[in-house]
Number of protein chains: 2
Amino acid sequence: MTAAQDATAEDVPWGEVAPEAARKLLVAAVEAFAEQGYHATTTRDIAGRAGMSPAALYIHYKTKEELLHRISRIGHDKALEVLSAASGRGGSPGGRLAEAVRSFVRWHAGRHDTARVVQYELDALSEEHRAEIMALRRRSDAVVRGILRDGVESGEFDVPDVSGTTLAVLSLCIDVARWFNVQGRRTPEEVGELYADLVLRMVSARP
Amino acid sequence: MTAAQDATAEDVPWGEVAPEAARKLLVAAVEAFAEQGYHATTTRDIAGRAGMSPAALYIHYKTKEELLHRISRIGHDKALEVLSAASGRGGSPGGRLAEAVRSFVRWHAGRHDTARVVQYELDALSEEHRAEIMALRRRSDAVVRGILRDGVESGEFDVPDVSGTTLAVLSLCIDVARWFNVQGRRTPEEVGELYADLVLRMVSARP
DNA sequence: CCCGAACCTGAGCAAGCGCTTAGGGCGTGG
DNA sequence: CCACGCCCTAAGCGCTTGCTCAGGTTCGGG
């Protein structure tokens with residue numbers, strides 16, 4: 001398999017969604033949901049953005065909710081993958097935490113449309129679908145909590161309330177998706193750098 | 001004027017809204033919007049929670065959007081008042097920042113239903129109404145930024161990026177409204193205390 | 001005792017919603 | 001050349017939405 005053959009699956013956003021029409025509809029839905037929210041978006045709007053008729057949507061997806069679920073599932077998988085990978089790099093707990101925050105924030109800023117849908121439209125999902133997504137969230141939580149625990153054990157961190165601090169760190173990263181603006185002054189990389197520094201200061205032991 | 005006469009206006013939430021029927025409708029709307037979001041909430045649902053017919057809503061409010069605007073306006077005023085008052089207490093920049101974060105977080109946790117509507121349903125507002133609310137937000141921003149600047153000047157804080165850190169501090173506080181759960185282990189006071197400590201560590205100069 | 005204002009309801013309208021269905025073009029294997 | 005399966009559209013169905021309106025109830029002032 002050459003790199004060119006790989007391209008759709010690896011490099012292009014949502015390349016894992018096939019066929020092409022289904023991908024175009026999903027990309028259009030992400031855009032619309034991010035701008036207006038799930039409930040304010042109509043199936044006609046989604047189809048229109050994809051250059052298709054409203055009926056085309058129901059060839060590729062059973063309901064509007066299934067579309068949201070596909071987006072949430074793939075998006076959460078991606079975010080968790082980014083976080084997990086980063087938490088393995090960086091050596092010491094401090095380095096690993098910095099890498100984790102840097103990558104996670106970069107993802108939430110760079111893909112803020114996807115992140116906004118994934119993080120803020122959860123309660124439009126059905127009961128079972130939401131439960132599935134919540135399980136993925138708990139795994140993100142475990143990654144950060146694990147790093148903090150390691151740092152406390154090694155004495156590099158001073159964190160009296162590991163659970164609460166885990167919550168705060170993740171909350172800080174996730175909320176980037178809400179306020180980040182492409183027109184703004186900061187690039188995703190810059191925000192990631194700033195946040196990694198701020199979080200390190202939150203947890204580091206004073207020498 | 002006695003304290004008893006004052007009670008509705010000062011102590012009871014939304015006591016400033018009169019007459020009684022308008023207040024009941026507004027409280028019902030806050031509840032519904034917080035649970036399901038603005039667009040997922042019907043006027044029939046709001047009226048039903050208030051124990052009235054759908055038509056009653058339109059005697060007190062011109063549209064559903066006006067209801068959201070009233071909630072947003074009063075809620076933002078309250079939040080800004082809490083933040084401003086706290087930023088005047090505490091003496092040193094460090095004390096003032098701790099007071100500000102503690103109070104602001106306590107409000108977002110204790111009144112998380114109101115805060116959720118106020119912070120996350122902004123783009124359901126009309127153009128002018130949103131502009132009005134955004135102006136109030138910029139004033140919250142100015143309060144935090146002012147404290148940080150004072151602390152940097154006095155040497156008590158070490159903050160390379162005042163704007164970015166202001167953003168992060170406010171983002172951290174606001175996002176409490178999203179995840180805070182009354183059934184959870186933490187009281188609003190405890191979260192406020194934890195967050196005040198975390199934020200102080202983010203900005204303090206090392207001795 | 002009655003009047004008028006304030007407030008509320010039952011019934012319902014026009015519009016827009018999610019979704020379905022019947023049918024048409026089009027590329028492919030035989 | 002046909003027949004089949006895939007993908008799409010035009011039209012529209014049943015329902016819910018935000019909102020309206022004519023009519024009834026309640027209540028303080030004259």
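The chains referred to below are lettered A, B, ... by the order of the sequence lines, with proteins before strands, and numbering in each begins at 1.
- A donor-acceptor contact under 3.5 Å is formed by the side chain of R44(B) with the base of dG18(D).
- Protein atom OH of Y38(A) is 12 Å distant from nucleotide atom C1' of dC17(C), rounded to whole Å.
- Counting to the nearest Å, the P atom of dT16(D) and the CG atom of D45(B) are 14 Å from each other.
- Atom C1' of nucleotide dC19(D) and atom CG of L25(B) are separated by 15 Å, given to the nearest angstrom.
- Taking every heavy atom of both residues into account, R145(B) and V162(B) meet most closely at CG-CG1, 3.9 Å.
- L125(A) has its side chain within reach of H69(A): a pair of non-hydrogen atoms, C-beta onward, lies under 4.5 Å apart.
- Rounding to whole angstrom units, NZ of residue K24(A) and P of dC8(D) are separated by 8 Å.
- A side chain to side chain contact (heavy atoms under 4.5 Å, CB included) with L198(A) is found for exactly one of V169(B), T165(B), L198(B), namely T165(B).
- Neither OP1 nor OP2 of dC19(D) sits under 4.0 Å from any side-chain N or O of T43(B).
- Atom CD in Q36(A) sits roughly 14 Å away from atom C1' in dC17(C) (whole-Å rounding).
- Taking 4.5 Å as the limit, every side-chain heavy atom of P13(B) sits out of range of all side-chain heavy atoms of R23(B).
- Near-neighbour residues of DNA chain D inside residues 48-64 of chain B, defined by a heavy atom below 4.0 Å, number-ordered: A55(B), Y58(B), T63(B), K64(B).
- Taken from CG in L200(B) to CE in M202(A), the straight-line distance is 12.5 Å, to the nearest 0.5 Å.
- A tilted orientation is assigned to the rings of Y195(B) and W179(B), their planes being inclined by 30° to 60°.
- The CD1 atom of I46(B) sits 11 Å away from the P atom of dT17(D) (whole-angstrom rounding).
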